[in-house]
Amino acid sequence: GCAVKYSGYLGNWNKLFCSNGNSKYPRLMKLGKDITLWGLEIGLLSMTKGETALFVLTPEYAYGQRGCPPSIPPNTTVLFKVEVLDFIDSEECDTFFELPYEQQSRLPLEKVLKVAATEREFGNYFFYKQRFKVAKDRYKRALSILGRSSSSEAEQSQINASKLLVFLNLSLTYLKLERPGRALKYGELALEMDQGNAKALFRCGQACLYMREYSKSQDFLTRAQRIQPFNRDINNELKKLA
């Protein structure tokens with residue numbers, strides 16, 4: 001999936017026929033599904049995140065012999081200005097979720113961790129776009145993949161490290177969704193894996209403060225402060241509590 005700002009022109013960059021330039025947060029689009037112009041697809045695959053490019057697409061790479069009436073005449077060369085805001089490769093995720101559960105569970109751990117990391121990346125993308133419900137669903141999807149357990153200690157610690165990140169993400173997302181009970185639950189799950197995790201203690205403290213459980217909040221926040229005495233967010237939260 002990629003988030004792009006684009007403007008399409010006819011003639012010498014002087015006749016705009018399509019644009020999403022007014023959109024503050026362009027949606028994630030899939031190559032081949034939402035983006036179907038062959039030339040644009042080839043062009044985007046050559047770009048990196050943050051890059052801007054100008055493309056000149058001859059008819060065979062754009063709208064062909066017929067054009068696209070009324071805005072694009074037959075046999076027209078079109079011009080595109082494109083900026084890649086974000087790019088997340090979802091192909092492996094799509095393939096993974098199409099497999100039956102038995103086959104998913106037989107895949108090597110490396111692949112499972114990669115898919116979970118990509119789902120987390122999607123979650124982060126939507127979180128920063130303030131789309132917290134969608135972010136929560138992507139984090140939950142990542143968590144569902146990490147449900148397997150391993151007899152190998154090294155493998156289990158890799159799984160747990162991934163789960164810890166997702167628990168922290170979910171805790172913060174539930175705070176944003178104003179559901180402090182769920183935020184506390186995921187903060188405590190993170191603490192079960194890493195009892196000295198300052199971020200998890202902070203999230204639990206925030207959730208308890210929201211629920212007006214002041215002594216519990218004090219306990220979590222002072223433990224977090226002990227680990228990170230100069231953390232401004234933790235200190236500010238303690239001031240708020242006081």
Side-chain angles (χ1 to χ4, degrees), residues 1-100 103-104 106-108 110-142 144-145:
C2 59
V4 296
K5 272 195 173 177
Y6 62 85
S7 301
Y9 299 86
L10 302 176
N12 195 16
W13 298 103
N14 55 15
K15 191 177 177 187
L16 183 73
F17 70 85
C18 72
S19 173
N20 71 344
N22 295 327
S23 172
K24 194 179 175 187
Y25 299 128
R27 67 189 182 91
L28 273 180
M29 296 188 287
K30 277 194 174 183
L31 295 174
K33 187 179 174 191
D34 305 304
I35 299 167
T36 51
L37 278 195
W38 190 26
L40 211 46
E41 202 171 329
I42 294 167
L44 282 166
L45 286 169
S46 72
M47 294 176 74
T48 55
K49 186 175 166 178
E51 187 180 350
T52 301
L54 303 175
F55 293 116
V56 177
L57 308 183
T58 54
E60 64 269 30
Y61 288 97
Y63 296 95
Q65 288 184 346
R66 290 184 176 182
C68 191
S71 50
I72 297 151
N75 278 319
T76 302
T77 293
V78 293
L79 315 163
F80 271 92
K81 182 180 180 182
V82 181
E83 182 187 356
V84 176
L85 305 175
D86 225 316
F87 188 89
I88 307 169
D89 186 355
S90 62
E91 193 178 349
E92 262 188 296
C93 291
D94 297 341
T95 309
F96 180 89
F97 284 109
E98 280 164 12
L99 294 172
Q103 277 179 264
Q104 286 181 14
R106 285 202 298 269
L107 286 171
E110 188 187 341
K111 171 116 18 192
V112 173
L113 292 174
K114 194 174 174 194
V115 170
T118 304
E119 283 299 322
R120 227 185 109 243
E121 214 180 318
F122 273 112
N124 293 345
Y125 172 84
F126 290 114
F127 182 92
Y128 289 115
K129 298 286 179 276
Q130 314 276 301
R131 294 178 61 191
F132 302 120
K133 280 185 179 167
V134 186
K136 173 203 54 141
D137 292 340
R138 298 312 284 242
Y139 293 139
K140 287 265 182 89
R141 233 157 89 114
S144 73
I145 301 162

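Not measured: the values here are computed from a predicted model. Here, residue 1 is the first one in the sequence, and each next residue gets the next number.
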Could you go through residues 36-52 and list every donor-acceptor pair under 3.5 Å that involves a side-chain atom there, pairing it with any protein atom two or more places apart or in another chain?
residue: S46; atom: OG; partner: G43; partner atom: O; Å: 2.6
residue: T48; atom: OG1; partner: E51; partner atom: OE1; Å: 3.3
residue: E51; atom: OE1; partner: T48; partner atom: N; Å: 2.9

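- Considering CD of E98 and CD of Q103, their distance stands at 11.5 Å, rounded to 0.5 Å.
- R131 CZ to D137 CG: the interatomic distance, rounded to the nearest 0.5 Å, is 10.5 Å.
- Shown here is K81, whose NZ atom has no more than 12 heavy atoms of other residues, nucleotides or ligands within 6.0 Å.
- The shortest side-chain heavy-atom distance between D86 and C2 does not fall under the 4.5 Å cut-off.
- If you take CG on L57 and CG on L79, they are separated by 8.0 Å, rounding to the nearest 0.5 Å.
- Under the 4.5 Å side-chain criterion, counting only non-hydrogen atoms from C-beta, F96 is in contact with V112.
- With contacts defined as side-chain heavy-atom distances shorter than 4.5 Å, the pair T76/Y63 does not qualify.
- Shortest non-hydrogen contact noted between E119 and A142 is CB-CB, 3.8 Å.
- Remark: R138 CZ to Y125 OH distance equals 11.5 Å, nearest 0.5 Å.
- In terms of the ring pair (Phe, Tyr, Trp, His ring centres under 6.0 Å) criterion, F55 has no residue partners (sequence neighbours excluded).
- Here the closest heavy-atom approach between residue R120 and residue Y139 is recorded as O-CE2, 3.6 Å.
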Residues 4-17 side chain polar contacts: donor-acceptor under 3.5 Å, at least two apart:
residue: S7; atom: OG; partner: S19; partner atom: OG; Å: 3.4

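- Proximity of L107 to V115: side-chain heavy atoms (C-beta onward) are nowhere separated by under 4.5 Å.
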